[in-house]
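Side chains included, hydrogens not; waters and symmetry mates left out as well; all remaining heavy atoms used. Just so it is clear: chains get the letters A, B, ... in the order the sequence lines come, proteins before strands, and each one is counted from 1.
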Protein chains: 2
Amino acid sequence: MRAGTAVLTVDAAGMRAQNSGLLLNMIWRERQISRAEIARRTELSPSTVSAIVADLEQAGLVRSIGAGVSRGGRRPTLIGFCDEAFSLVGVELGASHVTVVLTDLRGRVRTQSKASHAVRGDPEGSLQKAKELIHECLDAERVPRRSVVGMGVAVPSPVHPAAPGKMSPLILPAWKNVDVKEWFETTFDMPVFVDNDANLGALSECFWGAGSGGEDLTYIKLATGIGAGHIIHGDVYRGAGGTAGEIGHIPVDSNGPLCVCGLRGCLVTLIGSTALTERARELMGTRGRKGPTVRDLVEGARTGDAAAKQIIDGMGAYLGIAVGGLLNLLNPAIVVLGGEISSVGEMLLDPLRASVRQRALSVSMAETRIVTSVLGERAIAVGAATLVLQAALRDRSLFPTQNVVRTA
Amino acid sequence: MRAGTAVLTVDAAGMRAQNSGLLLNMIWRERQISRAEIARRTELSPSTVSAIVADLEQAGLVRSIGAGVSRGGRRPTLIGFCDEAFSLVGVELGASHVTVVLTDLRGRVRTQSKASHAVRGDPEGSLQKAKELIHECLDAERVPRRSVVGMGVAVPSPVHPAAPGKMSPLILPAWKNVDVKEWFETTFDMPVFVDNDANLGALSECFWGAGSGGEDLTYIKLATGIGAGHIIHGDVYRGAGGTAGEIGHIPVDSNGPLCVCGLRGCLVTLIGSTALTERARELMGTRGRKGPTVRDLVEGARTGDAAAKQIIDGMGAYLGIAVGGLLNLLNPAIVVLGGEISSVGEMLLDPLRASVRQRALSVSMAETRIVTSVLGERAIAVGAATLVLQAALRDRSLFPTQNVVRTA
DNA sequence: TGGTATTTCTTCGTCAATCGAACGAACTCG
DNA sequence: CGAGTTCGTTCGATTGACGAAGAAATACCA
């Protein structure tokens, strides 16, 4: 019944909020733009644009950055975004590690710290570890609390839109009684946004990676678990119960091994890190007493090891089944592969594309680019920070006030 | 890079447009509501609400419908939507037929007309046929041109968001040189909206069927072709190239028959109408010289025919593979099955649900309702009309002005 | 070199839409 | 029947965008 309309009414103040948010976005996107150009593009009157820019300048969000080239008259004053006026905190709670990054408003990492930790079974310890790492980051750069906009947290669990702090009891049973959002909010007293790790990888790619342009995009995280995140109309899409993109348990081989989830031949049992290293041990032999790692596999593939190549070919074939379904069902503009193994690049993309071609309509294929991530291992933590940025660029009031940091 | 923000600036007039659109939506949705109640819910001041309602009344879109119950003081005046103030035209260009409906603003069909026609290979003839049927409908109710808001057209082809009038050259090669949107616009001189048939089935279900409430929903059309449409955040989701939901060619049986698309074991070759009747001929024998139809199959299933039941069981099993993938990838709140065969209801849903359970995480399953359509064969044509309604409820200016029809 | 046209940006008065307070009307409850 | 409540309207105040006019800066041209 809902007709999908904005649910917010507007008064004079709301009008200003909307217009100024729009300007802020435009300045952020364009990096440098004159008032006159803004007025032309937005169809706002020059006087209004000036007034709003003055507001934003007052708030320390934008600043003049010199004159541009003349178009036959007075030279325009270029306005730029203050990329470093505020900081963002991104936290990644991985399966076995905690990563924290401190970024500026352009996604550049100022500091990062990382620690191994068994996150799965130890909520209290993980949160304490995260707290330490965050303090480490903030102290390292002497970042005043005032200049931090908020905190994004990536968790290795689907997140229900209605209860964003709660983990899935099936995937992280030990976290049953923890509310992650609440914990960070009370511990650090700032806005906190929580989302699934693959969803934030997708957001990261959309803002800083392959997706520049805001197109619909799907990110696939290839690691211990296999998960996907969708960006639709510039936003993370979570589905009705928050489990959109949980592709790890799509069955792709009816004769495959039994999975913990009860099904047979799940994607994760065939191309998850554990399966890959297992298979590598069979084909490549043990490396030291611990057996080959994913890194060894990548190395092997680079140096032309036939066994490594074979394993990655097989991975591409299986993954293609899931990606083929994805193209037919969702038809995204871009599919990005992330996770350590994706660094082999074409070596994985070739068999993947071949497999997809056998399963997707050529029409969907033609419209979709399939690529590997260029953002590296920090992608997800940065995506968490980006979630805060995205929210703040929409709602100016999230930026702390009275901040007169004149950096950059 | 785009942060997914509204791209429209607001001035005083825009403010009014937005607020009055919001009010119009609320009145449409609630069917009857007092000014005071609107003011409470929207947080608009009572004076503003009164002013806007007066506007809408002037335009003939809403009207007073008597007094409501008192809450301890003066009784409120209930405002209602003028469901029959305007008409909508919905056109369905099916694979082998053309259907036209004329509806009111509540999705009720005033007139309909239908004709068999080989749409695939004959664009000119099909369009002419549609034109005749539309005139028939308009004349039957003596509907003045003035009171028609616009026209929605459902086509059996993916529709590219950037060129909504163009058919896919792979699916409807004969329509290569036709622009459907343009043709209807010039022929009838009114706003025209074109979309894929399954997408409009989904919209229909979202507005008038299982989806009342605006949740994310996927509709699956089971007919000669197999297609799906997604509603996301209340809107049809088309994907990057307009082929989202083209699930007919998902391979579900690697040993299945070769499909025209070049792949093997496509869903459509196994559970499309042709495959079903083929199989019915094998198992149930010929009925007359033409062999059994889908209708015969439905009949058979109802009367307990074992062969019919077997065919439908198999259909559910195959469909479950695709639906399982859908739940894992998109996690919609509701999946609706449409098309003639869906009228067997639980008989199809039971094996489908069983098949899905073997392929989807229990979490996704738990959040998703799988049901059959209750809208019948007009669902898609009504969905086409609904596309116009949806647009007009968002943008009041689409409603023709100076219309003073005082019906209902 | 100087004048004119152009572009940029600001100033200031006007306009439109919302808000809030005050008021009359209509109703419930005791 | 009167006190208290709710509904809807009226009217002046406020706010934010607009438009016209003007000042500053620059290109272009004679």
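When heavy atoms are screened at a 4.0 angstrom cut-off, P46(B) is found touching base atoms of the nucleic acid. Using a 4.0 Å heavy-atom distance criterion, S45(B) is classed as a base contact.
Using a cut-off of 4.0 Å between Lys/Arg side-chain N and Asp/Glu carboxylate O, D83(A) and R108(A) are scored as salt-bridged. Taking the charged nitrogens against the carboxylate oxygens, R145(A) and D189(A) have no contact shorter than 4.0 Å, which rules out a salt bridge.
Contact annotation: N19(A) does not reach the phosphate of dG16(D) (side-chain N/O to OP1 or OP2, under 4.0 Å). Proximity of R40(B) to the phosphate of dC7(D): a side-chain N or O atom is located under 4.0 Å from OP1 or OP2. OP1 or OP2 of dC9(C) sits under 4.0 Å from a side-chain N or O of T77(A).
The distance between atom CZ of R71(B) and atom C1' of dG8(D), rounded to the nearest whole Å, is 14 Å. One atom, CD1 of I52(B), and another, P of dG8(D), lie 15 Å apart when rounded to the nearest Å. Rounded to whole angstrom, the span from the CG atom of L22(A) across to the P atom of dG16(D) amounts to 17 Å. With rounding to whole Å, I33(A) atom CD1 is found 17 Å from dT7(C) atom P. The distance from atom CD1 of I79(B) to atom P of dC7(D) is 13 Å, rounded to the nearest whole Å. Nucleotide dA16(C) holds its P atom 12 Å from the CZ atom of R16(B), rounded to whole Å. Between E43(A) atom CD and dG19(D) atom C1' there is a gap of 16 Å when expressed in whole angstrom units. Separating the CZ atom of R74(A) from the P atom of dT6(C) is a distance of 17 Å, rounded to the nearest angstrom.
The base of dG16(D) is not paired with the side chain of T48(A) by any donor and acceptor separated by under 3.5 Å. Below the 3.5 angstrom threshold, one finds a donor paired with an acceptor across the side chain of S47(A) and the base of dG19(D).
Nucleotides of DNA chain C nearest to E37(A) and A12(A) differ in position, and the one nearer the 5' end is that of E37(A).
Listed nucleotides dG19(D), dC9(C), dT18(C) differ in distance to D11(A); the shortest reach to its side chain belongs to dT18(C). Closest contact between the side chain of R35(B) and the listed nucleotides dT26(D), dC9(C), dG8(D) involves dG8(D). When the nucleotides dA16(C), dC18(D), dT28(C) are ranked by their closest atom to the side chain of S70(B), dT28(C) comes out on top. Nearest nucleotide to the A36(B) side chain, out of dC18(D), dC7(D), dC9(C): dC7(D).
For the pair R106(A) and W28(A), the cation-pi criterion (under 6.0 Å, within 45° of the ring axis) is fulfilled.
Side-chain contact, T48(A) with S45(A): a donor N or O sits under 3.5 Å from an acceptor N or O. Side chains of R110(B) and S87(B): a donor-acceptor N/O pair is present below 3.5 angstrom, by distance only.
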